[in-house]
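To start, the structure itself, in structure tokens.
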Amino acid sequence: MFKRVLIANRGEIAVRIAQTLQQMGIKTVAVYSDADRRALHVQVADEAYPLPGNTSAETYLRYDKIIALAEEHGVDAIHPGYGFLSENEDFATACADARITFIGPSPDVIRDMGDKIIAKEKFVAAGVPVVPGWSGDVTIGIDALKKEAAKIGYPVLIKAAAGGGGKGMRVVPKESDLASSIEAAQREANAAFGDGCVFMEKYITRPRHVEFQIFGDSHGNVVHLFERECSIQRRHQKIIEESPSPALSPELRTKMGEAAVRAAKAIGYTNAGTVEFMVDADGHFYFLEVNTRLQVEHPVTEMITHHDLVRAQLIVAAGGKLPFTQDDLRQQGHALECRIYAEDASRGFLPSIGTLEHYVPPAGPNIRVDSGVSEGSQVTVFYDPMLSKLIVWGRNRDEAIARMDWALARYVVMGVTSNIEFLRTVLNHAEFRAGRLHTQFLDEHKITAPIAAIPDEALIAAALAGRNGVASSRSAATHDRGEASVGPWQSANAWRAF
Amino acid sequence: MFKRVLIANRGEIAVRIAQTLQQMGIKTVAVYSDADRRALHVQVADEAYPLPGNTSAETYLRYDKIIALAEEHGVDAIHPGYGFLSENEDFATACADARITFIGPSPDVIRDMGDKIIAKEKFVAAGVPVVPGWSGDVTIGIDALKKEAAKIGYPVLIKAAAGGGGKGMRVVPKESDLASSIEAAQREANAAFGDGCVFMEKYITRPRHVEFQIFGDSHGNVVHLFERECSIQRRHQKIIEESPSPALSPELRTKMGEAAVRAAKAIGYTNAGTVEFMVDADGHFYFLEVNTRLQVEHPVTEMITHHDLVRAQLIVAAGGKLPFTQDDLRQQGHALECRIYAEDASRGFLPSIGTLEHYVPPAGPNIRVDSGVSEGSQVTVFYDPMLSKLIVWGRNRDEAIARMDWALARYVVMGVTSNIEFLRTVLNHAEFRAGRLHTQFLDEHKITAPIAAIPDEALIAAALAGRNGVASSRSAATHDRGEASVGPWQSANAWRAF
Amino acid sequence: MMKLHFKPHGDGEPIEVAIQKTDTKDHDCYQITLADRQAHAEIESTGPGAGWLRVQGRVLPFRILKKDGMLSVWLAGKTHKLELIDRTARRSTGSTAAAKQSHLQAPMPGTVLKINATPGAAFEAHAPLVVMESMKMEMTLSAPHNGRVKDVRCKPGQLVEMGAVLVTFAEDGHGGAA
Amino acid sequence: MMKLHFKPHGDGEPIEVAIQKTDTKDHDCYQITLADRQAHAEIESTGPGAGWLRVQGRVLPFRILKKDGMLSVWLAGKTHKLELIDRTARRSTGSTAAAKQSHLQAPMPGTVLKINATPGAAFEAHAPLVVMESMKMEMTLSAPHNGRVKDVRCKPGQLVEMGAVLVTFAEDGHGGAA
């Protein structure tokens, strides 16, 4: 097994990977940008080295610098987490050149699966159903493109060939929107992935997003660890995930799992990956794409299988056999994940930046919080505004939902605006409780941030806290150096004037 | 199901019970002493009512007051937790008289099992092996007692007929110590339980303490939820518990589990209970006692069975059937629990009182902390100095130990002295790792608090923190009302003088 | 007796909260008058900006934060924003923003990608005026109402602060050519 | 250059730590001299009494607390207690307790159960003098050395504070009847 592993990432996933590494007796090496100097992922590592600069392009995407640090500090292997360099074929190749193990699939697999058009062809060859669509050179001109779109039938979906996460995606309801949508998608794809290549496919109305966790080793073993339903999305960004999917019969689960494994075997897949499918109202499923990395929502799978996927990644990357066979794996109970974002649902989900003046994640049996921040952390403009993931387990879906709602109601985030109240609105929607999920759920049910009337108790708390000097700001107490700190209540003249 | 349940307890168990109740949609009602006004168990409840006074006798043991509050506030049922009134037959009877459900076994069972002499007789009748001993009227005089002790054979153990938790227990190595030991045990038993009645039994050298979780409903179903090994004890107080026991073969486990269930059925046991056994080096087991309540270490069982024991208690107390059958139950993986005490291992484990200036429990997958305190909490002289329980799960014992050690190393407790470093010393002892446990483990291996040399880094931290004004005391910032708070670093003249 | 006046953030009428200490012992107990409602409340501090209220037996942990002149109160899973109105103060509260917008501001820090506005050009409500990228997401800033561009104060590729004025609007009846 | 002197709590020689700031930028970087050892260290605050050190790449979160004149430093799972020695101070540190004990103190608050001491009575080292109950546990307070009782300052059933003097000892060669 490796002795020293560098985590080429930040935030909650860097913290979570460090936990497994350290519990396996492996030293963890972190890297950090200037903006992340006080970040949690630095504090939990055994060693940490700076990547000067603030933007991703200057820091976490600079694989030349990361590999140089790894070589300088005797690192055996690099875990890329998700995002950043995790699906970068060049990085995986550069690691191999430096004789450092990249914890993930081979560069070839990353390249092929990173190109959605090639990925689709490979899956078609393995007999996996795919969504009808068109791909080719978009410079054929708008008239030719309109013809292709008409063949597929509106609504049509424009997608970036590289990358994922909703960037470079546009739904086109009618022909007149086609040109502007392709242009916008290309611009976004270019900005996000440095590759403006896009393609079109049939837009399936009210599909469910159901993905299968797959895992392969270098001995030819490939298994799946069941599905995750990730239909609750906002602008193609997943926000609530669960397993089992309320939509899958045991037969459909077996069929889809077998299809995922068959395709993964056909392409010689190793390490952790995810095969994403759309499932329509009639239970037909269509291959979407493969993510060649650990997925944000992997804890859902960990909670229903009781296996640590990061640990399995390390074993497989070190040349070992998968620590589980398909027959070992059981889907026990029900797991739910909510992604906690610093964003303001009442202002169009604009990211909210600032200092986490109060940050108290919930805790209790069968509650897991994978957090990238702690009280006093800064949320900056430079990176993704996800603060944490709240994952719960229950014996069944109802119990899991009740536990999640309980936990969200006790999750204190102040200083930045969070999506916690929005998540609770979704979770308590009758259609969500009934399990009738699809990717347009939030739009169709017009779910927005609730506007709560201010209860008397909040006014009483505000009045009495001011009167008693209870209220104070963390930043005032913490970050004033050299001079005596004065609580904000004392300086509120109006407050004390009465 | 009940609508409103009063928790007649405090600390971590009151917090933990509230979590299950609230997630089941049941309103929780807390009670609190003057000293507990700011305690965590008050904050997590839906409603809370004061019990004036500070000592247990004035507050959490005053069942007349507790029942009056329950009646006044429309409570359906009372959960007694452990300790305090949990094994008090009179309280259970008074609840029944007030038509409030007592969440636990019937008063008759509590009475019979509370008297260790009667309990032993009942278990003998059910064919469960017991330790040879003598019980009777100790006023027969010291000479007669010496004769009885000689028949049993030294070492002999003196135990209180009422209660548990190590109170009123004395090991007597030789005849000359018998009189003073009986006197001390009687005095302690009298103080703790209001009943000085004691008995003698054979003291088994190096026994393991292995107990079985049992559960019965009012429909005649009784099951066991496997064992917990609790051999690591200090002054008869358990400090580390685990399941499975490293000592039990599958055959022995089945045999002991069946014996526990057989006896429980014979006495008509309902709700949660624990049958404690001693296991000697040859795998013989002897009945010790029955605890007619939820046990401190019940989370160990929850983690290996994935069942919520408090939830099961509520279902059974409401007249429902057990939510699991013996065949449903599986022992999965390995769970370990460490009890975190505010006590100073370097000063003879004296309880340590004060304010928790820093309190940061560890978190991560498969780590559960049942905590009765939070940062800023007061640890007082009035109650048991247990702060929390740290429970971890692993696929096997080695993984669980590694995770526990990782978690303990990250558990920050400052302001009071904790036993965390002592626990890590035990956990890292070669004999503990080998699973060779027995109840004299700590004495025999002379495990004491480690005396760590001060590392350079601690001196550097102290010097730089003072220089930079990092250090500050929470109490100075929080509890000074009305005047601007000055950090202690600023007021440390010597500090700034250089 | 002490009276405080709060205004809910955004819309809403000011609310008067009158508090009267009822207990001189250790505990902080108060009689509260809130419009026509009365309540007895206790408060206890559990840390900086943290505490609990006890009203009619119900225990309500809260967190409170004063930031940018606004009070945020977290209570039972919801965060409420309030302004404290100083009835004795001379200065105005500064919260009376112009009813009609005179400019388009950056809602958060980010990079300007594209500008669909030229000085003097007319625009309709909801017309996309500026495309920005922030936190790796593209967003379109649309016109709040019909109007005419007065001045463009940013250029593509520019990194702008939150609140930066990107485009100013001509006042009614004024401005450049149609 | 700033020099600080620490004494490990309990036994141990004072240790000098010399610190010299090496960086005038945002980060707080220092050159440290500790006896014959040198190190480069960075420090960052993450909250009240909390922060991390970075020494030779290693990141070490710490917590620090000043209480009763003593510094406690939590680092990598261990808590270290230090005294800061003020070399310029006029007043004595107050930590030089008498080498021989002149009395028996309550090690913590609790109730006195039993007293095995009468004024003038001689006792041997380890003899049980007082039995107390605290936190529901019984504990025996034993004689620290051979000696003679001077005075008994408590009685059974009495609730005593931590540090309360329970029994005083006669000075050497003095005291009551044998």
Side-chain angles (χ1 to χ4, degrees), chain B residues 56 165 167 184 187-188 191-192 235 347-348 350-354 357-358 360 381-385 408-415 417-418 420-421 424 450 452 454-474 477 487-489 492-495 497-498, chain D residues 2-4 6 8 10 12 15 17-19 21 28 30 32 34 37 39 41 43-46 48-51 53 55 58 60 62-67 71-82 84-89 107-110 113-114 131 133-139 162:
Chain B
S56 299
K167 278 134 204 161
R187 194 165 52 230
E188 238 178 69
R235 290 193 61 187
R347 292 177 66 215
L350 275 184
S352 174
I353 59 172
E357 302 284 354
H358 290 289
V360 189
V381 69
F382 299 110
Y383 317 108
D384 188 81
L408 286 169
R410 280 151 187 84
Y411 203 140
V412 183
V413 176
M414 289 180 85
T417 303
S418 82
I420 290 173
E421 294 174 44
R424 289 190 71 197
I454 295 181
D456 287 357
E457 288 78 6
L459 294 163
I460 296 171
L464 294 182
R467 169 76 175 65
N468 284 32
V470 168
S472 89
S473 132
R474 177 191 170 81
W489 247 225
N493 297 321
W495 213 246
F498 287 98
Chain D
M2 166 170 146
K3 286 183 183 176
L4 294 161
F6 295 101
I15 305 160
V17 185
I19 61 182
K21 203 163 192 322
D28 286 314
Y30 298 87
I32 311 287
L34 219 147
R37 305 181 293 284
I43 187 169
E44 185 68 60
S45 165
T46 56
L53 272 191
V55 183
R58 287 193 306 140
L60 297 158
F62 67 85
R63 299 265 168 166
I64 199 156
L65 179 68
K66 190 160 181 254
K67 195 183 159 190
L71 290 173
S72 295
V73 182
W74 180 91
L75 190 87
K78 290 190 168 65
T79 304
H80 306 281
K81 290 194 174 178
L82 297 170
L84 176 67
I85 301 171
D86 183 353
R87 291 240 157 144
T88 65
M108 55 177 313
L113 293 183
K114 199 171 168 183
V131 182
E133 196 211 56
S134 192
M135 315 279 274
K136 299 196 284 180
M137 296 294 274
E138 192 178 313
M139 73 185 118
M162 182 165 102

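Convention: sequence-line order gives letters A, B, ...; per-chain numbering from 1.
With a 4.5 Å cut-off on non-hydrogen atoms, D:K81 touches chain B through its backbone and its side chain both. Looking at D:K67, the atoms closer than 4.5 Å to chain B (heavy atoms on both sides) all sit in the side chain, from C-beta outward. Only the side chain of B:T417 comes within contact range of chain D, with at least one heavy atom under 4.5 Å from a heavy atom of that chain. Both the backbone and the side chain of B:E457 come within less than 4.5 Å of a heavy atom of chain D.
Of all the heavy atoms in D:L82 and B:A458, the pair that sits closest is CD1-O, 4.4 Å. The minimum heavy-atom distance linking D:V73 with B:A462 is given by the pair CG2-CB, 4.0 Å. Scanning both residues, B:S56 and B:F382, for their nearest heavy atoms gives OG-O, 4.1 Å.
Note: D:L53 leads D:L60, D:V55, D:L53, D:V17 in heavy-atom pairs under 4.5 Å with chain B. Note: D:R63 leads D:K78, D:R58, D:R37, D:R63 in heavy-atom pairs under 4.5 Å with chain B.
B:P455 has its side chain out of reach of B:I460: every pair of non-hydrogen atoms, C-beta onward, lies at least 4.5 Å apart. Within the 4.5 Å cutoff, no side-chain heavy atoms of B:I454 are placed close to those of D:F6.
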